[in-house]
Amino acid sequence: MQIEKDKTEQSGHPVADAPSKKVFIKTWGCQMNVYDSTRMQDALEGDGYTPTQDLDDADLVLLNTCHIREKAAEKVYSNLGRIRKLKQQRAGTDRPMTIGVTGCVAQAEGEEIIRRERAVDLVVGPQTYHRLPEIVAKAITSGPQIDTEYAVEDKFEHMPLASAKQVKSRGVTAFLTVQEGCDKFCTFCVVPYTRGAEISRPHAQIITEAKSLVDAGVREITLLGQNVNAWHGIDPKGSEMRLGELLYDLAEIDGINRLRYVTSHPKDMDDGLIEAHRDLDCLMPYLHLPVQAGSDKILKSMNRSHTADEYVSIIDRVREVRPDIAISGDMIVGFPGETDEDFEATMEIVRRTNYAQCYSFKYSMRPGTPGAEMEDQVEESVKDERLARLKALLTEQQQAFNASCVGKTIDVLLEKRGREANQLIGRSPWLQGVVVPSHLGTIGDTVRVVVTKANTNSLMAQAAG
Ligand code: SAH
Ligand code: SF4
Ligand code: F3S
């Protein structure tokens, strides 16, 4: 036994037959947090941590948090309270528990988290995940660690690429971060403060990661960025390029069946990107383009840098080149100063856009943002009422879009088993979940089917022909 222990200590890594440590990661927030969680897991696997879904069985618990709305941040503290009790039960045993907070709450609140919840051993912001294994080790040996610097080095270059085995265990679709951070400073939003300034990952890194995903069996890649269409880079020949051109290069990789990207800002919706929707079959006909509000007065005070008409004209241009494109969005109701008339303008832009799918939120005052300082905050009851009306309209549009798919022949990428043994679930080009009979193919196949029934959130389909 003693010899085994020494070997572990000498190498700094567990020996092959040492019992591995387990990491449990809980993720809140946007797709970028989902991507970050998988990369943190990959980085920790190199240090001997295997993933577990069972909190009770974890040596290391990481809460990868979101700060976008008040409720999101509060959930973190209530979870920490419960996990503290588990940690206390494990104190003094041979498996003590280490607790870490990562993500946007970590970045925004820093050491305040440890002050408020003493059970926390490490607080790590999104820019320093490449240092995570080292920070965890330090927290275990030397006590609480906080790292919320905006690192000077390129974190992506320092993160290990996920191995084929790791990717295979996750499925046929994958996220790939190409851009991070935001310089737009919408007056309601914390993201520019939690994710820092806009940075684009280099072209070569993106192509390499995409190829390794495809080699491991991934068929659909969703490019991620807080403002993904602000991505820009230099191609191997030295010319400047933007997201549209990157998509053409990715489309050439053998084995990529489907490409998507999220989230876009109207201001960066340039001609090159619109042309990519016209030219590339593998670029799915789906565009998530949030507008947030329909009144020009509110858009201005949100600092969105475009008008309602400008937004609608972008949507028109995209629909002209790709008539079957599904439009999705995000809306906020009850931003400071929003009158009944302003809210009607939001309803109006929703009618003009006709969304296939759209998220809607009540404005949530975020500390440190200009919106929190504004007068004319809207009463909670008014926000509730507006949100209910908006949601009803959006549900109607979503149902109408789903119903319009019935009878259509569509391609579905099969992703997982269904609830019933004889069913598989895949996605339509427009991102709806589609339930198909399992004899039509296996996970990873793209099958051609006819849609037979539409529900609010999914479609049912049968073999085509
Ligand atoms: N970068 C994206 C979205 C980032 S956050 C964009 O520019 O559109 C995701 C969504 O959360 C936003 O689109 C917005 O609708 C919502 N959101 C952000 N801050 C919010 C706040 N303070 N209150 C309510 N909703 C908010
Ligand atoms: Fe937030 Fe606006 Fe940046 Fe989107 S563009 S992340 S809403 S500040
Ligand atoms: Fe939330 Fe941070 Fe994403 S605040 S929405 S996890 S960028």
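In listed order, ligands and their atoms are each counted from 1.
For the atom pair CZ of R260 and OG1 of T173, the computed distance is 9.0 Å after rounding to the nearest 0.5 Å. Atom-to-atom distance recorded for L223:CG and L243:CG is 6.5 Å, nearest 0.5 angstrom. A distance of 14.5 Å separates CZ in R386 from OH in Y363, rounded to the nearest 0.5 Å.
Summary of contacts: the protein heavy atom closest to atom 24 (C) of ligand 1 is K362 O, 3.3 Å. Counting protein heavy atoms only, atom 4 (S) of ligand 3 is closest to H67 N, 3.2 Å. In terms of protein heavy-atom proximity, atom 2 (Fe) of ligand 3 is closest to C104 SG, 2.2 Å. Of the protein's non-hydrogen atoms, the one nearest atom 23 (N) of ligand 1 is S364 N, 2.9 Å. When hydrogens are left out, the protein atom nearest atom 19 (N) of ligand 1 is F188 CD1, 3.3 Å; that is the closest non-hydrogen contact. Among protein heavy atoms, atom 13 (O) of ligand 1 sits closest to D330 OD2, 2.6 Å. Scanning the protein heavy atoms around atom 3 (Fe) of ligand 3, the nearest turns out to be C30 SG, 2.3 Å. Closest to atom 5 (S) of ligand 1 among all protein heavy atoms lies I68 CD1, 3.5 Å.
Side-chain contact between I234 and S239: absent, with no pair of heavy atoms (C-beta onward) separated by less than 4.5 Å. Contact of the N455 side chain with the N402 side chain is not registered, since no non-hydrogen atoms from C-beta on lie closer than 4.5 Å. For the pair Q357 and L394, the minimum side-chain heavy-atom distance is 4.5 Å or more. A 4.5 Å side-chain heavy-atom check between F24 and D57 finds every atom pair outside the cut-off. Between F335 and Q292 there is no side-chain heavy-atom pair separated by less than 4.5 Å. Between F175 and V262 there is no side-chain heavy-atom pair separated by less than 4.5 Å. Using a 4.5 Å cut-off on side-chain heavy atoms (C-beta onward), R258 and P429 make contact.
Neither the backbone nor the side chain of M365 comes within contact range of ligand 1; no heavy atom lies under 4.0 Å. When heavy-atom distances to ligand 1 are checked against a 4.0 Å cut-off, R69 comes that close only through its side chain, counted from C-beta outward. Residue-level proximity to ligand 1 for M302 is absent, since no heavy atom of it falls below 4.0 angstrom.
At least one protein heavy atom sits closer than 4.0 Å to atom 9 (C) of ligand 1.
Atoms of ligand 1 found under 4.0 Å from any heavy atom of R304 (numbered from 1 in listed order, with element): 7 (O), 8 (O). Every atom of ligand 1 is numbered from 1 in the order shown, and the set under 4.0 Å from a heavy atom of Q226 is 1 (N), 2 (C). Ligand-side atoms of ligand 3 in range of N33: 6 (S), range being under 4.0 angstrom from any heavy atom. Numbered from 1 in the order shown, with element, the atoms of ligand 3 that lie under 4.0 Å from a heavy atom of Q226 read 7 (S).
A cation-pi geometry, defined here as NZ or CZ lying under 6.0 Å from the six-membered ring centre and within 45° of its normal, holds between R69 and F361. Both cation-pi conditions hold for R116 and Y77: the charged atom is under 6.0 angstrom from the six-membered ring centre and inside a 45 degree cone around its axis.
Note on C66: counted as a metal contact of atom 1 (Fe) of ligand 3, an N/O/S atom lying under 2.8 Å.
Under the side-chain contact (heavy atoms from CB on, under 4.5 Å) test applied with L176, the options I221, L224, T222 reduce to a single match, I221. Checked options K184, Q226, Q179, H232; the residue passing with E198 is K184 (criterion: side chain to side chain donor-acceptor pair (under 3.5 Å)). Checking E180, E149, R195, Q107 one by one against Q127, the side chain to side chain donor-acceptor pair (under 3.5 Å) holds for a single residue, E180.
Within the 4.0 Å heavy-atom cutoff, I332 counts among the residues contacting ligand 1. Residue R195 places a heavy atom less than 4.0 Å from ligand 3. Using a 4.0 Å heavy-atom cutoff, E70 is absent from the residues neighbouring ligand 1.
On a distance-only criterion, Q292 and ligand 1 share at least one N/O pair closer than 3.5 Å. Here's the thing with T263: none of its N/O atoms is less than 3.5 angstrom from an N/O atom of ligand 1.
A distance limit of 4.0 angstrom between heavy atoms and ligand 2 selects the residues C182, K184, F185, C186, F188, C189, V191, P192, N227, H265, R304.
Between the side chain of Q145 and the main chain of G143, a donor-acceptor pair closer than 3.5 Å is present.
Not less than 6.0 angstrom separates the ring centroid of H265 from the ring centroid of Y311.
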